[in-house]
Amino acid sequence: MAEERTQQGKPADGTESHDPDFPEAFLSFMRQGWRDTELSVTPRPEVPNHAKRRAALAEAFPGETLVIPTGNEKVRANDTDHRFRPGSDFAYLTGDLEPDSVLVLRPGGEATLFMRPRSSRATDEFFRSRHGELWVGRRPTLREKSTELGLPTADLSELDAALAELAPGRTRVLRGFDARVDAAVRRYDGPRAEGQPGRDRELAIAISELKLVKDEWEIAQLQEACDATVRGFEDVARALPADRAVSERLLEGVFALRARHDGNDVGYGSIVGAGEHATILHWVHNHGATRPGDLLLMDMGVENRNLYTADVTRVLPVDGRFTPLQRQVYDAVYAAQQAGIDMCKPGVGFRDVHLASMRVLAEALKDLGLLPVSVDEAMDPASTVYRRWTLHGTSHMLGIDVHDCANARKETYRDGPLGEGYVLTVEPGLYFQPEDELVPEELRGIGVRIEDDILVTADGPVNLSAGLPRRSDEVETWLAEQREAGPRLPG
């Protein structure tokens, strides 16, 4: 019989092809003489927040069972895996950060977390399996995890039987995270599904729309991520010389050190664009180098240990001072960003934030002599020619994902109003490509984006990333202060 394998193509028992065939004498010796320990575990303070989210989700689908997996480790190369990052929706509902777990939410809100428990000393898993604690560290027991998360738990080995009992017409699955779960629960969209979102799609939509409003605990997490991101930008500024070149990857690495020390990781691939690389919107190769006289665009964010991420962009003059032309472009983007931030109030349309920023950019482009039409004509939806030099939207929701709430319906997100407790980015930019013959040569290769993380409140917008300066003169002063302070290690 062929060896049973998991969906990742690895043996189901967690062994590897290069594992040795141990002699019985060694196996017998390894099975004896181990002391058992228990962890002192207390409930996390955010347990009530997760419980409220599960209750709200269950209420949206009365009489139905909801299955939300976190996902599995992904192969990086052969038998090595990427560092595991939990599924965002799963983490939002449970707070659990371990791979392979599955939340089953039954009618009325009764929840069970199926998880891989601690390695049992009753088998050789603890020292022979890739899941064993001598290889990857101690996992919590079912009881410990239940206490920590305030959730009933069950052994992952019982999941297949539990899923087999579920009725397809009364079960919804968050699909695409765990092939085992996807295969176990037959997709059922019902006889009236034609032209409508499927049942499983409606589950993904509901979770995204729950995530639009951040509670106090989430706002504190985002503030923590923003504060760590401020420290990361300070670290980079202190490592950035004014008079010689350094690699973009050096600066990326300096920020990554802060992200891993103060948080879980970076929230997304850091963009470190020196010179003309700043005009490439998603420049993540970072294989260029800074040059005195050029601008340096850095789009970076720390993901904190509960997976909430900041998303901040700053542009620095490498030699410490903006040239008059660089300052003109930078100040135009700053004015556009401020116009967008000022619009971030409850009831204001999400798109209105974008349009407020874009009008300021269009006016700046007109002042630069670049618009082939009037500002009003450029802003007409039938034209939008100004977007040649800006391309992207001004905002996106932010939270446990850098692009949070992505499955929300257009009418509640892109075409909807902002609500109190929403957190969004405001990030206009101007980008003059090196090959663009419609702009003067002195503008080519200049890229500027300024991005901050804005909380919508009844009293007006709150800038969670205000620890970093935005005005051009303040940026110059801040950069000089950081350089004078000198390099530092996180601590």
Side-chain angles (χ1 to χ4, degrees), residues 83 225-304 309-323 326 329-330 333 402 425 427 429-431 434 445-453 465 467-470 472 474-491:
R83 182 183 295 122
C226 286
D227 292 346
T229 298
V230 168
R231 294 191 290 273
F233 271 89
E234 291 172 350
D235 296 339
V236 170
R238 294 176 183 208
L240 174 65
D243 56 352
R244 61 182 176 84
V246 294
S247 70
E248 295 168 345
R249 288 189 180 178
L250 172 67
L251 304 179
E252 175 190 1
V254 169
F255 186 85
L257 174 60
R258 174 64 65 178
R260 280 294 286 162
H261 182 274
D262 289 11
N264 177 59
D265 208 334
V266 292
Y268 51 94
S270 295
I271 297 169
V272 182
E276 65 185 38
H277 288 164
T279 68
I280 302 173
L281 301 184
H282 285 172
W283 175 256
V284 293
H285 302 295
N286 299 342
H287 57 50
T290 63
R291 185 172 59 190
D294 281 352
L295 298 179
L296 172 66
L297 183 153
M298 295 177 291
D299 185 337
M300 307 184 293
V302 172
E303 176 184 78
N304 85 342
T309 186
D311 184 4
V312 177
T313 305
R314 288 295 185 269
V315 171
L316 306 180
V318 172
D319 60 12
R321 303 285 295 180
F322 292 99
T323 68
Q326 290 170 347
V329 175
Y330 185 96
V333 174
V402 67
T425 64
E427 50 175 310
L430 285 174
Y431 313 92
I446 292 179
V448 174
R449 178 169 66 254
I450 311 172
E451 178 181 17
D452 285 274
D453 304 338
S465 46
L468 288 173
R470 295 188 295 127
S472 55
E474 293 172 347
V475 168
E476 291 173 336
T477 300
W478 172 86
L479 179 56
E481 291 172 347
Q482 299 306 314
R483 284 172 163 162
E484 184 177 357
R488 68 180 176 192
L489 287 173

So which pairs with a foot in residues 232-257 pass ring pair (Phe, Tyr, Trp, His ring centres under 6.0 Å), sequence neighbours left out? F233-F255

Does Y330 have any ring-ring contact (aromatic ring centres under 6.0 Å, His included) partners at least two apart in sequence or in another chain, and if so, which? F322

Across all chains, not counting sequence neighbours, the ring-ring contact (aromatic ring centres under 6.0 Å, His included) partners of W283 are H277, H285, H287

Could you check D452 against I450 for side chain to side chain contact (heavy atoms under 4.5 Å, CB included), going step by step and ending with a plain yes or no? CA-CA 7 Å; D452 285 274; I450 311 172; 4.1 Å; yes

Tell me which one of V312, V266, V272 satisfies side-chain contact (heavy atoms from CB on, under 4.5 Å) with M300. V272

Considering all heavy atoms, the nearest [X]-[Y] contact:
X: R483; Y: V318; value: NH2-O, 2.6 Å
X: P317; Y: L295; value: CA-CD2, 3.9 Å
X: P490; Y: L257; value: CD-CD2, 3.7 Å
X: G320; Y: E476; value: O-CG, 3.5 Å
X: A310; Y: T229; value: CB-OG1, 3.3 Å
X: G447; Y: A278; value: O-CB, 3.7 Å

Could you check if a side-chain atom of P241 sits within less than 4.5 angstrom of a side-chain atom of V246, using non-hydrogen atoms only? yes

Tell me, do L296 and V315 make a side-chain contact under 4.5 Å, heavy atoms counted? no

Pairs where residues 280-295 contributes a residue and the test salt bridge (Lys or Arg N to Asp or Glu O under 4.0 Å) is met, not counting sequence neighbours: R291-D294

Got a second to check how far [X]'s [atom1] is from [Y]'s [atom2], nearest 0.5 Å?
X: D319; Y: D243; atom1: CG; atom2: CG; result: 10.0 Å
X: N304; Y: N264; atom1: CG; atom2: CG; result: 8.0 Å
X: Y268; Y: T309; atom1: OH; atom2: OG1; result: 6.5 Å
X: R314; Y: L297; atom1: CZ; atom2: CG; result: 11.0 Å
X: R449; Y: M298; atom1: CZ; atom2: CE; result: 12.0 Å
X: I280; Y: I271; atom1: CD1; atom2: CD1; result: 10.5 Å

Please name all residues satisfying side chain to side chain donor-acceptor pair (under 3.5 Å) with [X], sequence neighbours left out, ordered by chain then number.
X: E252; answer: N286
X: R249; answer: none
X: R470; answer: Q337, Q338
X: T279; answer: Q433

List for me each residue that meets salt bridge (Lys or Arg N to Asp or Glu O under 4.0 Å) alongside [X], sequence neighbours excluded, and say none if there are none.
X: R258; value: D235, D262
X: R83; value: D265
X: E451; value: none
X: E234; value: R488

Do the side chain of [X] and the main chain of [Y] share a donor and acceptor less than 3.5 angstrom apart?
X: D453; Y: D311; answer: yes
X: Q326; Y: G293; answer: yes
X: E248; Y: T290; answer: no

After noting the C-alpha distance and the side-chain angles of I446 and L430, does the key distance pass the side chain to side chain contact (heavy atoms under 4.5 Å, CB included) rule? CA-CA 8 Å; I446 292 179; L430 285 174; over 6 Å; no

